[in-house]
Amino acid sequence: MSGPFVLRRSAGLKIVLCFSAALLASCQTVHPIWPAAPPRAAVDVALEARVRSIVSSMTLEQKVGQMTQPNIHSVTPDDIRRYYIGSVLNGGGAWPGEKMQAGVEDWLKLSDAFYSASMSTDMKVKVPVIWGTDAVHGHNNVYGATLFPHNIGLGAANDPELIERIGRATAAQVRSTGITWTFAPTLAVVQNPRWGRTYESYSSDPTLVRTYGEAMVRGLQGQLGTPASALATAKHWLGDGGTLHGKDQGETRTTEADLARRHGAGYYGALRADVQTVMVSYSSFTDTATGKRWGKMHGNQHLIDGVLKRRLGFNGIVVSDWNGIEQVPGCTKWRCPQAINAGIDLVMVPDDWKQFIQSTVDDVRAGRIPMSRIDDAVSRIIRVKLRSGLFDSSPATGPRPGPESLNSPQVRLLAREAVRKSLVLLKNDGGVLPLRRDGKILVVGKGADSLPMQAGGWSLTWQGDNTKTSDYPNADTVLAAMRKALGKHSVDYSADGAGVNIGRYSAIVLVAAEKPYAEGAGDIGFPAPLRHSVRYPEDLAALNRVSGKGVPVVTILFSGRPLSANDLINRSDAFVAGWLPGTEGLGIADLLIADANGRAAFDFTGRLPFDWPAGDCLPQQGGIQFPRGYGLSLAGTRNLGRLPEPVPAVACPPESR
Ligand code: GLC
């Protein structure tokens with residue numbers, strides 16, 4: 001170190017470490033809580049000059065139009081042109097022409113209509129519209145698309161390389177429909193499985209979420225500006241997985257240091273992969289170290305502008321969540337200067353977008369929003385669009401992956417591999433798995449022949465409901481997969497196991513399942529017990545009909561989270577946590593059924609991404625039955641034996657998270 005070493009305490013907690021003049025450029029603000037900004041790509045001088053030139057040519061109305069993101073159902077291409085709309089989205093269950101079975105050509109046609117409209121405005125420099133979608137486990141809004149396991153199952157796979165391949169395949173699916181942006185990955189580090197979005201989280205382990213965040217963004221974005229690249233979204237900033245009781249859109253009560261270390265982990269990975277957009281969380285933050293109630297994240301200037309943008313150096317787009325701005329005190333769906341001043345650049349205002357434009361223009365003219373903030377927001381939007389290649393050609397008519405990207409044999413094999421790697425074997429007493437091929441199998445349970453339960457939420461519709469198995473033409477339920485693997489005549493089915501002569505079968509495969517849900521609709525409200533059979537008694541009833549009859553029972557649980565299931569596990573010889581595997585049921589058959597030589601074609605490699613509860617309440621309260629990282633393989637599995645079956649908890653004790 002040469003020359004004087006200068007240590008200056010700047011305002012607040014930051015300490016500026018500046019070395020000798022020669023190294024002054026190496027000044028690093030060492031913040032006691034937040035890490036230094038990850039290494040960023042060198043500034044693209046030519047691109048930045050283009051950004052400045054375009055922004056300086058825009059009127060205020062054009063700038064605010066760029067910051068507006070309506071849902072496709074509430075805007076026409078002519079609206080895009082007249083109001084200079086910068087972005088659209090299709091919310092869960094919003095399809096072209098409101099047709100669930102809309103084909104790739106329908107998606108491309110609408111995309112090109114929006115794009116052409118945006119390029120026919122009276123702006124000095126035309127700015128193309130960008131379309132965002134929730135492709136969160138494959139291109140899940142699109143009829144016929146291959147759906148991957150939801151994130152919780154991918155977390156069980158513990159395979160970052162697989163995640164990157166899934167990201168690449170998902171990007172190709174998205175781009176094949178003329179869309180260039182997906183609102184994924186969710187980087188929540190979930191602390192309470194009551195949350196209806198637990199399945200969107202990879203794990204409760206921040207280190208895994210960080211590694212996966214980087215891998216998924218690299219897979220999705222690939223080489224920015226190329227035809228197979230889709231913009232990624234790190235979401236939801238910040239602390240969405242830490243709310244009290246796992247309440248959706250609830251209050252995260254923790255220290256800022258924990259927010260940084262635990263809940264911020266995924267973002268450090270995503271930023272290292274140059275993620276281009278970040279979506280703000282509906283949750284609120286209360287700092288338990290200082291007692292400060294920061295309130296809703298959509299109005300948190302310290303964490304959005306101060307930390308994400310300035311401290312961590314994020315120079316892409318911060319997008320609000322669906323009507324998220326209305327949750328900021330004093331705001332509505334269409335007016336929130338506080339949110340824009342906090343650092344939100346693009347506002348997801350699905351329906352009230354005309355009022356949003358007018359009220360925001362008014363707020364700027366009245367000085368409630370500085371023009372510098374508007375210019376920064378629009379610069380970020382233009383910057384990301386330039387980086388994405390949108391200015392170069394229409395995503396609908398330019399070079400792009402073909403329609404086979406949605407469900408080609410290669411994509412289905414990748415999803416099938418992901419299913420295999422996601423399954424976690426919790427019990428295999430007597431080594432009943434893998435099952436012999438020469439027997440006759442009875443498949444039981446409502447979830448065994450239900451793609452909606454197998455895929456979960458965010459599948460064709462927002463909640464994954466109001467759909468049926470036939471709405472998934474390129475998919476296999478567990479029943480279909482078992483019949484493909486063993487032959488139709490070797491596999492019978494009973495939804496509830498009633499009236500069946502069990503003795504006719506060499507083994508029984510029972511699928512217990514949650515019904516599909518998304519977001520708050522899936523919350524298990526405190527203090528309700530987490531026991532699966534309390535919410536779905538029909539699965540235990542079916543198991544009681546078929547177990548204990550001298551025929552081995554293999555139970556698979558389709559769930560969006562770990563659940564209290566000792567009663568199901570005790571009535572099963574083998575028990576598999578299946579999570580929400582998506583369309584490729586054959587990945588399950590691959591692990592359940594032996595090869596022609598009676599040996600396992602594949603082994604179980606999945607490991608729990610969350611602690612599995614022993615009792616009906618949180619593991620922290622009722623104990624951990626299986627810790628995060630647990631999972632059996634087929635070799636040398638010792639018997640689990642009988643687990644304690646707690647008397648059903650009527651209500652759980654108070655929770656700290
Ligand atoms: C939802 C979700 C968010 C999603 C957005 C658009 O409310 O919170 O994850 O990307 O709306 O569908």
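Note that the structure is predicted; figures quoted are calculated from it, not measured. First listed ligand is number 1; within each ligand, the first listed atom is number 1.
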Quiz item: What distance separates Asp471 CG from Thr469 OG1, expressed to the nearest 0.5 Å?
Solution: 8.5 Å
Quiz item: Can you tell me how far CG of Asp134 sits from CE of Met279, rounded to the nearest 0.5 angstrom?
Solution: 6.5 Å
Self-check item: Tyr83/Trp353 aromatic ring centres below 6.0 Å
Solution: yes
Practice problem: For the residue pair Lys296 and Gln338, confirm or rule out a side-chain donor-acceptor distance under 3.5 Å. | Solution: no
Exercise. Assess the side chains of Ser405 and His139: does a donor N or O sit below 3.5 Å from an acceptor N or O?
Key: no
Anything under 3.5 Å between an N or O on ligand 1 and a protein N or O? List each pair with its distance, or write none.
{"unit_1": "ligand 1", "atom_1": "7 (O)", "unit_2": "Tyr282", "atom_2": "OH", "d": "3.2"}
{"unit_1": "ligand 1", "atom_1": "7 (O)", "unit_2": "Asp321", "atom_2": "OD1", "d": "3.4"}
{"unit_1": "ligand 1", "atom_1": "7 (O)", "unit_2": "Glu519", "atom_2": "OE1", "d": "3.3"}
{"unit_1": "ligand 1", "atom_1": "7 (O)", "unit_2": "Glu519", "atom_2": "OE2", "d": "3.1"}
{"unit_1": "ligand 1", "atom_1": "8 (O)", "unit_2": "Arg197", "atom_2": "NH1", "d": "2.8"}
{"unit_1": "ligand 1", "atom_1": "8 (O)", "unit_2": "Asp321", "atom_2": "OD1", "d": "3.3"}
{"unit_1": "ligand 1", "atom_1": "8 (O)", "unit_2": "Asp321", "atom_2": "OD2", "d": "2.6"}
{"unit_1": "ligand 1", "atom_1": "9 (O)", "unit_2": "Arg197", "atom_2": "NH2", "d": "2.8"}
{"unit_1": "ligand 1", "atom_1": "9 (O)", "unit_2": "Lys235", "atom_2": "NZ", "d": "2.8"}
{"unit_1": "ligand 1", "atom_1": "9 (O)", "unit_2": "His236", "atom_2": "NE2", "d": "2.7"}
{"unit_1": "ligand 1", "atom_1": "10 (O)", "unit_2": "Asp134", "atom_2": "OD1", "d": "2.5"}
{"unit_1": "ligand 1", "atom_1": "10 (O)", "unit_2": "Lys235", "atom_2": "NZ", "d": "3.1"}
{"unit_1": "ligand 1", "atom_1": "11 (O)", "unit_2": "Asp321", "atom_2": "OD1", "d": "3.0"}
{"unit_1": "ligand 1", "atom_1": "12 (O)", "unit_2": "Asp134", "atom_2": "OD2", "d": "2.6"}

Practice problem: Take the angle between the ring planes of Trp131 and Trp107 and call it parallel below 30°, perpendicular above 60°, tilted in between. | Solution: tilted
